[in-house]
Amino acid sequence: MATAAATSVSEPETEPKAAPKAEGEEDEVKAARTRKKASSRTVATATYKTTGPGWDQQEEGVSESDGDEYAMASSAESSPGEYEWEYDEEEEKNQLEIERLEEQLSINVYDYNCHVDLIRLLRLEGELAKVRMARQKMSEIFPLTEELWLEWLHDEISMALDGLDREHVYDLFEKAVKDYICPNIWLEYGQYSVGGIGQKGGLEKVRSVFERALSSVGLHMTKGLAIWEAYREFESAIVEAARPIAGFLSPFDREQTFDSQLEKVHSLFRRQLAIPLYDMEATFAEYEEWSEDPIPESVIQNYNKALQQLEKYKPYEEALLEAEAPRLAEYQAYIDFEMKIGDPARIQLIFERALVENCLVPDLWIRYSQYLDRQLKVKDLVLSVHNRAVRNCPWTVALWSRYLLAMERHGVDHQTISVTFEKALSAGFIQATDYVEIWQAYLDYLRRRVDFRQDSSKELEELRSAFTRALEYLKQEVEERFNESGDPSCMIMQNWARIEARLCNNMQKARELWDSIMTRGNAKYANMWLEYYNLERAHGDTQHCRKALHRAVQCTSDYPEHVCEVLLTMERTEGTLEDWDIAVQKTETRLARVNEQRIKAVEKEAALAQQEEEKAEHRKRARAEKKALKKKKKTRGADKRKADEDDEKEWGDDEEEQPSKRRRIENSVPIAGEAQNLEAETGLFGKSASIDVDPPSKQKERAAVLKRDVPKVPHDSSKDSITVFVSNLPYSMEEPDVKLRPLFEACGEVVEIRPIFSNRGDFRGYCYVEFKEEKSALQALELDRKNVEGRPMFVSPCVDKSKNPDFKVFRYSTALEKHKLFISGLPFSCTKEELEEICKAHGTVRDIRLVTNRAGKPKGLAYVEYENESQASQAVMKMDGMTIKENVIKVAISNPPQRKVPEKPEAKKGPGGPMVLRQIYGARGKGRTQLSLLPRALQRPSTTAAQAENGPAPKPAVTTSAATEAPKMSNADFAKLLLRK
């Protein structure tokens, strides 16, 4: 295949010479154009545009006549001058883009997409030397994908002319097979090596490549078959070539040549049939047909055993075939299964298969390297995997730390480890603490190199200089970038002080370091003083211990009691009477001052809380007065109009009630009839006795009837799993069930949409959507935040809050997400498309979410999700402080603050009553409907009312005494009474 490909590349140059001489003017034009096309740079560019992993198959399908016809057609469509002008313009544009990409890579060499784009443009322009150099630089930093390697290999194969070029291609194949385990690359490697079988050692080279390929991917259940067949066909071809001369050989020579070669094919069949692979039955049938002798019983037993193993592996392989890339969950399950079986070769293979599609998942690399470190412990394999891990995920500090440990564990030289550490520092971590961790790992390594039995050594000086450099690096480089050193507790300085005190017996240096630690804001913490005290206690003297504790008593602000107790304990054990008296005096004075400060703090906090309560009470009274005034004005106007109408009716105006008035009354109190409405209206305010007043029991009965008349929306809680709750809809939406049905029917069959209306018939902005199947309801949740008539529609599961008071629906993560950015300060006019255009320059953008309020208006905030953590960290560095439409934006890694959990309402004890939960009145206390609507001027003590309120109301007693009757008042008198100031 590779040989054919190499031959096809040279066809444009050789075919014009070998072709018969053209007759006629048209044939001469065709030949001239063919020669020109073969030698011109334009044709080279066109060739590179179409070249890819399968370019050799494309070349074989294009004939010379087709190329000539294409040249004639293109010549007819445009003149040479026009074509050259268009080509020059495109070339100039590409050159500018190449320069931009090269400049960007000079700033950040870890920009993966820039490398890919630069290689593509250089290949398009035919800059072969530059393409090779760009690929070489990229391969030194990142492992290349299968597609990039095959493209590079095909280009190099097409240019290989002699043995030296072939050796260069071999070296390139060796690099390619080390990045990822790719069956297609191994297959290309084996087939290309077959082309060099005529060279010295060619046969051994081919067999070596195929054997390594079988060791690497021969167990691959779906793609390993191709390697086995290619190797077997190669050996079978050698057998067929030797068969004609086998009859002329002596028995000894025949055994040494033909029979031994025949045994190689038998061996390949037997080895393949002992491994569970797809399409094993066809291989077994082929072996039966090929073999002249009966198949041995041992081979059949191994074959049947492999078939049984295949049935165990099939569910996992089928799950991979059915799932979509990257199929991480399916690979994880497959890995767990292989780990239980415990075959190292198969475990390694499934890890490698998973990493081909999930090479940017640090946890997968960590699990793989941990398995190799603890189980296999093969130096070359372990270090190779660690190296690939940090090349794939350079932003993950845990991988670098493990790499340094693995190199030290396997005895790698100090220079190589130091170079690896320097690479880690330039990897671009996204947190300040990551730099502290990698420095700590390197310092631990340097400490283990030192022989502390010697007073001075080169390794010890190197360790001390590394500590000094670490502190300077964190202060200058890290603090400048992250506005923090990442080591607030000075752990690196603490470790240095411990080494100086315990291993070097240099307490003077340790005290200097601890003095520096305390001056960096740690003197107020008791645990820091106690750490220093313990160090002095173990390696110093009593005088310095006492001095440290005295300073701690004066400086500690978080737990001064603990420090005072330690000081008194030490003086009780070792101090004199004078030391004891001084310690007691200092501790008592300090604790008294601390208690005084705490009391003041509590009083201040109580005063602030009281001020807040007063402000809240003041705001509450202001709102209540405002509402009362507004209601009073409204009631006066309404009562005046009612009084005027009542006066007119008393003077004989028996006209039918106005529709507008009836609607107004219906909206306030549901009615059963016009006369009953009038009686209820006048009876409420205790008007004239001529109007019958129903007893409270009858009023309650009527209210219950009226309440039943209010339209309700029934909801069956047993159907919560197939129902979603939709809210934040526009109140102005007409026929919401009709408008929402097409939207939700896309998720599945909708049984019913139940919108909620008020007593007036106004839509309240939410509804219930019931589906036929549960999966439809789950799919409908994806419509959350979808824009409906200018507002984001909220779709949430249907959950009874009374049974699940803590249930909250928040669809976005509240934890640290290293691949997602939080952007603030955006202009409100910035659209999602505009932001995506800015962000995609720094990596592959997977999702952008603009934060809006309930009305759908932007808040100037956004979340941008990148494909991996590396791209996100690059975007932070490039975009933070950028100006967009005169707005300076702030960009950071998404790490939302902890969401506040609302406290449960505390039980409050009412005056003279039991504990009452405030929750029963709602978030704003008593509702308006619980206020008394009876004017104070008309209030009278009523025993009947009290009884009706606390128990069944007795029947109204019939009295004939005029003194017990209320004075008769007309409607006009009642209106004047209400309007009286």
Side-chain angles (χ1 to χ4, degrees), residues 109-110 141 362 365-366 369-370 372-373 379 382-452 454 456-482 484-504 506 509-510 513 516-517 869-870 873:
V109 74
Y110 287 97
I141 302 172
W365 283 107
I366 290 175
S369 60
Q370 182 176 326
L372 296 177
D373 287 333
K379 177 180 178 180
V382 170
L383 295 181
S384 172
V385 170
H386 279 289
N387 182 38
R388 291 162 53 204
V390 297
R391 292 176 66 202
N392 278 277
C393 306
W395 63 89
T396 307
V397 67
L399 294 174
W400 287 103
S401 301
R402 289 172 176 272
Y403 191 15
L404 293 177
L405 288 172
M407 296 175 77
E408 181 185 3
R409 193 177 295 119
H410 291 282
V412 178
D413 62 278
H414 173 62
Q415 182 65 27
T416 305
I417 295 179
S418 299
V419 170
T420 303
F421 169 70
E422 296 298 333
K423 289 181 180 179
L425 286 182
S426 61
F429 300 130
I430 60 178
Q431 294 184 99
T433 54
D434 292 344
Y435 288 95
V436 178
E437 183 177 345
I438 193 63
W439 267 111
Q440 192 62 65
Y442 184 58
L443 292 170
D444 292 345
Y445 156 71
L446 293 179
R447 195 266 307 165
R448 289 189 285 267
R449 295 182 67 241
V450 179
D451 184 5
F452 291 100
Q454 302 178 7
S456 179
S457 63
K458 179 181 177 182
E459 289 80 7
L460 179 58
E461 295 303 321
E462 184 178 2
L463 174 62
R464 285 171 173 164
S465 62
F467 269 114
T468 304
R469 183 190 167 200
L471 297 178
E472 293 177 354
Y473 187 90
L474 294 177
K475 183 177 180 180
Q476 298 175 2
E477 301 290 337
V478 179
E479 194 166 350
E480 181 180 349
R481 176 180 170 187
F482 296 98
E484 60 168 329
S485 66
D487 191 14
S489 299
C490 301
M491 294 303 300
I492 290 180
M493 295 183 70
Q494 288 189 46
N495 292 334
W496 189 4
R498 293 190 193 100
I499 292 173
E500 293 289 353
R502 296 177 183 176
L503 302 177
C504 299
N506 188 356
K509 181 63 177 179
L513 290 170
S516 178
I517 291 173
E869 299 174 14
S870 176
S873 61

**Asked** In terms of the angle between their ring planes, are W439 and Y442 parallel, tilted or perpendicular, with boundaries placed at 30° and 60°?
**Response** perpendicular
Does [X] reach the side chain of [Y], with side-chain heavy atoms less than 4.5 Å apart?
X    : Y    : answer
L404 : Y445 : no
V436 : M491 : no
C504 : L460 : yes
T420 : W400 : yes
L425 : E477 : no
W496 : L471 : yes
H414 : E462 : yes
F467 : L446 : no

**Message:** Between E500 and R464, does any side-chain N to carboxylate O distance fall below 4.0 Å?
**Reply:** yes
**Asked** Is the shortest distance from a Lys or Arg side-chain nitrogen in E408 or R447 to a carboxylate oxygen in the other one below 4.0 Å?
**Response** no
Would you give the length of the straight line joining atom [atom1] of [X] to atom [atom2] of [Y], rounded to the nearest 0.5 angstrom?
X    : Y    : atom1 : atom2 : result
R498 : M493 : CZ    : CE    : 12.0 Å
S401 : Q440 : OG    : CD    : 10.0 Å
E422 : S418 : CD    : OG    : 7.5 Å
F452 : E459 : CZ    : CD    : 10.0 Å
R449 : D444 : CZ    : CG    : 14.0 Å

Do you know which two heavy atoms are closest between [X] and [Y], and how far apart they sit?
X    : Y    : answer
P362 : T396 : CG-OG1, 3.3 Å
S369 : R402 : OG-CD, 4.3 Å
S485 : L474 : O-CD2, 3.8 Å
A427 : P394 : CB-O, 3.1 Å
L443 : A470 : CD1-CB, 4.3 Å
W365 : C393 : CD1-SG, 3.9 Å

Donor-acceptor pair, side chain of [X] and main chain of [Y], under 3.5 angstrom:
X    : Y    : result
N506 : K509 : yes
D487 : I492 : yes
N387 : L383 : no
Q494 : S489 : yes

**Asked** Step by step, would you call D373 with H386 a side-chain contact (heavy atoms from CB on, under 4.5 Å)?
**Response** CA-CA 10 Å; D373 287 333; H386 279 289; 3.1 Å; yes
**Asked** When you look at CD of E480, are more than 12 heavy atoms from neighbouring residues, nucleotides or ligands closer to it than 6.0 Å?
**Response** no
**Message:** Could you walk me through whether F482 and Y435 satisfy the side-chain contact (heavy atoms from CB on, under 4.5 Å) test, starting with their C-alpha distance in whole Å, then the side-chain angles of each, then the deciding distance to 0.1 Å, before giving a yes or no?
**Reply:** CA-CA 11 Å; F482 296 98; Y435 288 95; 3.7 Å; yes
**Request:** Determine which pairs satisfy salt bridge (charged side-chain N to carboxylate O under 4.0 Å, His left out) with at least one residue from residues 427-437, sequence neighbours left out, and list them in order.
**Result:** none
